[in-house]
Amino acid sequence: MSASGDYDVLVIGGGPGGYACAIRAAQLGLKTACVEARPTLGGTCLNVGCIPSKTLLHATHLLELARDGHMAGFGIDTGPVSVDLARLMARKEATVASLAGGIDFLFRKSGVDRLSGRARLAGSGRVDIGGKSVTAKAIVIATGSLPTGLDGLQVDNDAGIVVDSTGALSLPRIPGRLAVIGGGAIGLELGSVWRRLGAAVTVVELADSILPGMDADIRGTMTKLLVRQGMEILASTGVSGAEIRKDGAILKLRGAEGEVSELAADVVLVATGRRPNTGDLGLETAGITPDMGGFIPVDARGRTVVDGIHAIGDVTHGPMLAHRAEDEGIAMAERLAGRPGTSNSAIVPAVVYTDPEVAAVGRTEESLRAEGVAYRASTFPMLANSRAKANGSTEGFVKLLADEASGVVLGAHMVGTVAGTMIAEVAQAMEFGATAEDIAYTCHAHPTHNEAIKEAALGLFGAAIHS
Ligand code: FAD
């Protein structure tokens, strides 16, 4: 490990933004180091985000299939099913450890120097890491984000009563009652995990429905489906206070009309969002001032106001998603190596890994209407998709939006068991500037869920075959 010395590129933060940036920079021949404060690489995503949550979601989906007779319709009867929470958590940890080791391997393979410790800017071009000074021609800040708290609700993951997403990924026992504050992706995914494990889950959401900001049909469909699965959802409801006890909490709730009620829970998950992680980064030493939300202001090329200091991923404005961070990291490395390096902030798919999954890319009908853009919409139900029917999972739909005049695809919104995988087709089509016809006349394998996208595209010019 190189503890000091000059680098072409020094990346601060080893999350999906930072590590991808470092690997690509090294591949392109730049002398690169990546400094990470955690013992393991992979950032929020790998350590306490995407990967552990998806491991738990997958495992608890299997549990539900086996336990609740979902396979009986196929003639498969299961016996009594039990969960060993400790083994489930051990599997999650092993998955994380294995992938983290993979990034170390990739660093060695591509020649990235891994530096350990907390980095602090010490002026332009210089970074202090545990008392040692490292200089670099280009510094890339990729320090990610942290959970936001809620006034009056002190998160204490060790005590395990009021927890954030990190605590909710490692609860030592299954709570009888889990209150989830916040009906966004993280709240619904972790709420699903613990509901499947046996907790009575209540989601409290301040907006008028879960998944605020997403397509209205997605919000309505998912509310219906999650309630049917047993999740209680209190929309238009805020938390106005809390009494924390040794063995649980009583939340004071306030509805849209000002009505007051109480919600008792053994564990409260605060999933109200995330904030950029810029604390103690020494931004002021370099002359960088975070904006009102704490984000590092950058231009379209990720440049801060200071020459040679750049920022990518969650620490900058944009959707707080691992693939956005990764794309920006790769594009940044390519620009630093003198290549064009682009990432498209208009086409960033968003996925919620509930069952069924939710996926969206591009514009919503709401935003198009607000801007007065003339568009066409076509919706195809998964009920009419032969693969979904064969699999016995017909919930959901694909909605495609296209420009009225040109037919260029403007957005897609879907609910379906594999919507998170399907959305890539539309994202790629949009990257290529595709029209509805381009998608509709592309041969799709049969029987696949993606045929629902083709049918929705055909429907945009009145040619859907199966609906
Ligand atoms: P991060 O991943 O946050 O990495 C930043 C790294 O910088 C951290 O490892 C941190 O320790 C390090 N660091 C910070 N300050 C310093 C310093 N001064 N010196 C050295 N190191 C420092 N996104 C998805 O796309 N899909 C999902 O399914 C998904 N699921 C999620 C589930 C949960 C529960 C959570 C919490 C998040 C999820 N996300 C998901 C969001 C995703 O994790 C983030 O968008 C992504 O990790 C951001 O990447 P990043 O590289 O910008 O920052």
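Since the model is a prediction, treat every value here as computed from it, not as a measurement.
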Applying side-chain contact (heavy atoms from CB on, under 4.5 Å), run through Y375 and L368 and close with a yes or a no.
CA-CA 8 Å; Y375 70 95; L368 292 171; 3.8 Å; yes
Looking at [X], I'd like to know if its [atom1] atom is crowded, meaning that more than 12 non-hydrogen atoms belonging to other residues, nucleotides or ligands lie closer than 6.0 Å.
X	atom1	result
R376	CZ	yes
H317	NE2	yes
D307	CG	no
Q154	CD	no
R369	CZ	yes
D299	CG	yes
R38	CZ	yes

Do [X] and [Y] meet the criterion of a side-chain donor-acceptor pair at a distance under 3.5 Å?
X	Y	answer
K252	S261	no
S343	D327	no
S240	R254	no
N157	D164	yes
T40	N47	yes
T316	R324	yes

State whether the side chain of [X] and the backbone N or O of [Y] hold a donor-acceptor pair below 3.5 Å, judged by distance alone.
X	Y	result
R301	T342	no
W194	R177	no
S367	T364	yes
K399	I218	no
T143	N277	yes
T237	L206	no
H449	T417	no
T435	D438	yes
S393	A388	no
E189	Y353	yes

Answer yes or no: is there an ion pair linking [X] with [Y], defined by an N-O contact shorter than 4.0 Å?
X	Y	value
D128	R120	no
D280	R118	no
K137	D8	yes
R335	E328	no
E366	R219	yes
E36	R114	no

Working for side-chain contact (heavy atoms from CB on, under 4.5 Å), residues T32 and D113:
CA-CA 6 Å; T32 305; D113 276 354; over 6 Å; no
Does a side-chain heavy-atom distance below 4.5 Å link [X] with [Y]?
X	Y	value
L269	I186	no
F397	F380	no
D215	E365	yes
L153	I244	yes
T379	H413	no
P147	V270	no
L178	T202	no
M89	L171	no

Which heavy-atom pair separates [X] from [Y] by the least distance, and what is that distance?
X	Y	result
F295	M320	CE2-CE, 3.7 Å
T55	K92	CG2-CA, 3.8 Å
A452	V398	CB-CG2, 3.8 Å
G183	E205	N-OE1, 2.7 Å

Supply the atom-to-atom distance [X] [atom1] to [Y] [atom2], rounded to the nearest 0.5 angstrom.
X	Y	atom1	atom2	value
N450	T421	CG	OG1	8.5 Å
L263	I181	CG	CD1	8.5 Å
H310	R303	NE2	CZ	8.5 Å
M422	M382	CE	CE	4.5 Å
I312	I296	CD1	CD1	10.5 Å
I347	F432	CD1	CZ	10.5 Å

Between S133 and R126, does the side chain to side chain donor-acceptor pair (under 3.5 Å) criterion hold? Intermediate values first, please.
CA-CA 7 Å; S133 188; R126 186 173 293 278; 2.7 Å; yes
Do D403 and V373 pass the side-chain contact (heavy atoms from CB on, under 4.5 Å) test, and can you show the C-alpha distance, the side-chain angles, and the key distance before you say yes or no?
CA-CA 8 Å; D403 183 78; V373 177; 4.2 Å; yes
Pair E371, R363 - check side-chain contact (heavy atoms from CB on, under 4.5 Å), show working.
CA-CA 11 Å; E371 277 179 35; R363 306 293 303 270; 3.0 Å; yes
